[in-house]
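Single-structure report; data block below.
So you know, we letter chains A, B, ... as the sequences are listed, proteins then strands, and number each from 1. These values consider heavy atoms only, across backbone and side chains, with no hydrogens, waters or symmetry-generated copies.
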2 protein chains.
Amino acid sequence: MNLRPDRGELETDAALRALAEPRRRAILRLVARDELAAGQIAAAFEVTRTAVSQHLTVLKNAGLLTERREGTRRLYRARPEGLTGLSQFLAEMWASSLDVARRLVEAERGISDADPTAQAG
Amino acid sequence: MNLRPDRGELETDAALRALAEPRRRAILRLVARDELAAGQIAAAFEVTRTAVSQHLTVLKNAGLLTERREGTRRLYRARPEGLTGLSQFLAEMWASSLDVARRLVEAERGISDADPTAQAG
DNA sequence: CCTGAGGGTTAGAAGTTACTAACGTTAGTC
DNA sequence: GACTAACGTTAGTAACTTCTAACCCTCAGG
């Protein structure tokens, strides 16, 4: 089996790679509460504006951020739609895992009941 | 402001870093449906067992996997609890972002009503 | 035109990650 | 004990990420 990413996979992959960085999560938390200018965001951390700008680019490309220009400033804001793919991925993982747990329990019950037809359908 | 990770942050960070790898997500999907041996998992990909074993270690350390030994084999299964922290993070991000959107709408309404005191929060 | 403020982009150093190959370990079989 | 099967671990390498420093772009005012 190969890695054959469908459209949703690519979107989820970008979101996960972007969120895997602590600094980017911190940035996202900032602009989740308020729309902020790039300079304000950079001032909130002890790194250069360059680094913050690169993080903003990554977040923007992952669809987790929207950019709005106002004069010479750029204002950023979190984009909740960018999290939907990841949310679905989590929900699917959760459901599958719980299903496994349920089947394991029923399998044990089946063993003690000596009833091989007892399976979750 | 510094990056000051609380307990949940560390847990979420480990889960996100683990999930940011396409191969690890593929592995997790495999063991989300069925409990599989390390060899079976490795056979599903075109990489060496070594690489898969390292991925399994990362997933295990992130709390996304449980390991069970049966004779000379090791059986792996997804651990849904490991996703709770990440799920909460997503929910909080979502709520904050939607709150921002709501405030922006109300701010615009405040502008058209010529009522500068109209602010949420 | 020029200047200054606000920001993005490029080049390269330093650190991290994902991989392969070789070796070590544990459980069962003869 | 000797042998095999099934895995994990270590060493080393290639690729990627994150960061800083220097440079370039765009908008507003004079």
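Leu75(B) and Leu64(B) sit in two unconnected hydrophobic clusters of ILVMFWY residues. Membership requires side-chain heavy atoms under 4.5 Å apart, directly or through other members. A single hydrophobic cluster is seen to contain both Trp94(A) and Leu16(A), as judged by linkage of ILVMFWY side chains at heavy-atom distances under 4.5 Å, directly or through other members.
Nearest heavy atom pair, residue Arg79(B) against residue Leu65(B), reads CB-N, 3.8 Å.
Around CD of Glu67(A), the count of heavy atoms belonging to other residues, nucleotides or ligands within 6.0 Å exceeds 12.
Between Leu56(B) atom CG and dA18(C) atom P there is a gap of 13 Å when expressed in whole angstrom units. dA27(C) atom C1' lies 12 Å from atom CZ of Arg73(B), rounded to whole Å. In this structure, the CZ atom of Arg74(A) is 13 Å from the C1' atom of dA5(C), given to the nearest Å. Computed from coordinates, the Glu21(A) CD to dT16(C) C1' distance equals 11 Å when rounded to whole Å. Between Glu46(A) atom CD and dC19(D) atom P there is a gap of 13 Å when expressed in whole angstrom units. Rounded to an integer number of Å, the gap from Arg17(B) CZ to dT18(D) P is 12 Å. The distance between atom CG of Leu65(B) and atom P of dG8(D), rounded to the nearest whole Å, is 11 Å. Rounded to a whole Å, the CZ atom of Arg23(A) is 17 Å from the P atom of dT17(D).
Taking only side-chain nitrogens and oxygens, Thr48(B) comes nearer than 4.0 Å to OP1 or OP2 of dT20(C).
Here Arg23(A) does not pair with Glu21(A) in a salt bridge; the nearest charged N to carboxylate O distance is not below 4.0 Å.
Of the listed nucleotides (dA21(C), dC19(D), dG8(D)), dC19(D) has the atom at the smallest distance from the side chain of His55(A). Distance from the side chain of Arg69(B) is smallest for dT26(C) among the nucleotides dA5(C), dA18(C), dT26(C). Taking every side-chain heavy atom of Ala51(A) into account, dC19(D) is the closest of dC19(D), dG7(C), dG6(C). In this structure, the nucleotide among dA21(D), dG8(D), dG7(C) sitting nearest to the side chain of Tyr76(B) is dG8(D). Among dG7(C), dT20(D), dC19(C), the nucleotide with an atom closest to any side-chain atom of Val47(B) is dC19(C).
Nucleic acid contact class of Ala37(B) (heavy atoms, under 4.0 Å, all strands): sugar-phosphate only.
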If you restrict it to nitrogen or oxygen atoms, what contacts under 3.5 Å exist between nucleotides 9-11 of chain C and the protein, and what is each distance?
residue	atom	partner	partner atom	Å
dT9(C)	O4	Thr50(A)	OG1	3.4
dT10(C)	O4	Gln54(A)	NE2	3.4

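Here the CZ atom belonging to Arg77(B) is positioned 8.0 Å from the CZ atom belonging to Arg68(B), to the nearest 0.5 angstrom. Separating the CZ atom in Arg49(A) from the CD atom in Gln54(A) is a distance of 11.5 Å, to the nearest 0.5 Å.
Positionally, the nearest nucleotide of DNA chain D for Gln40(B) lies more toward the 5' end than for the other of Gln40(B) and Gly71(A).
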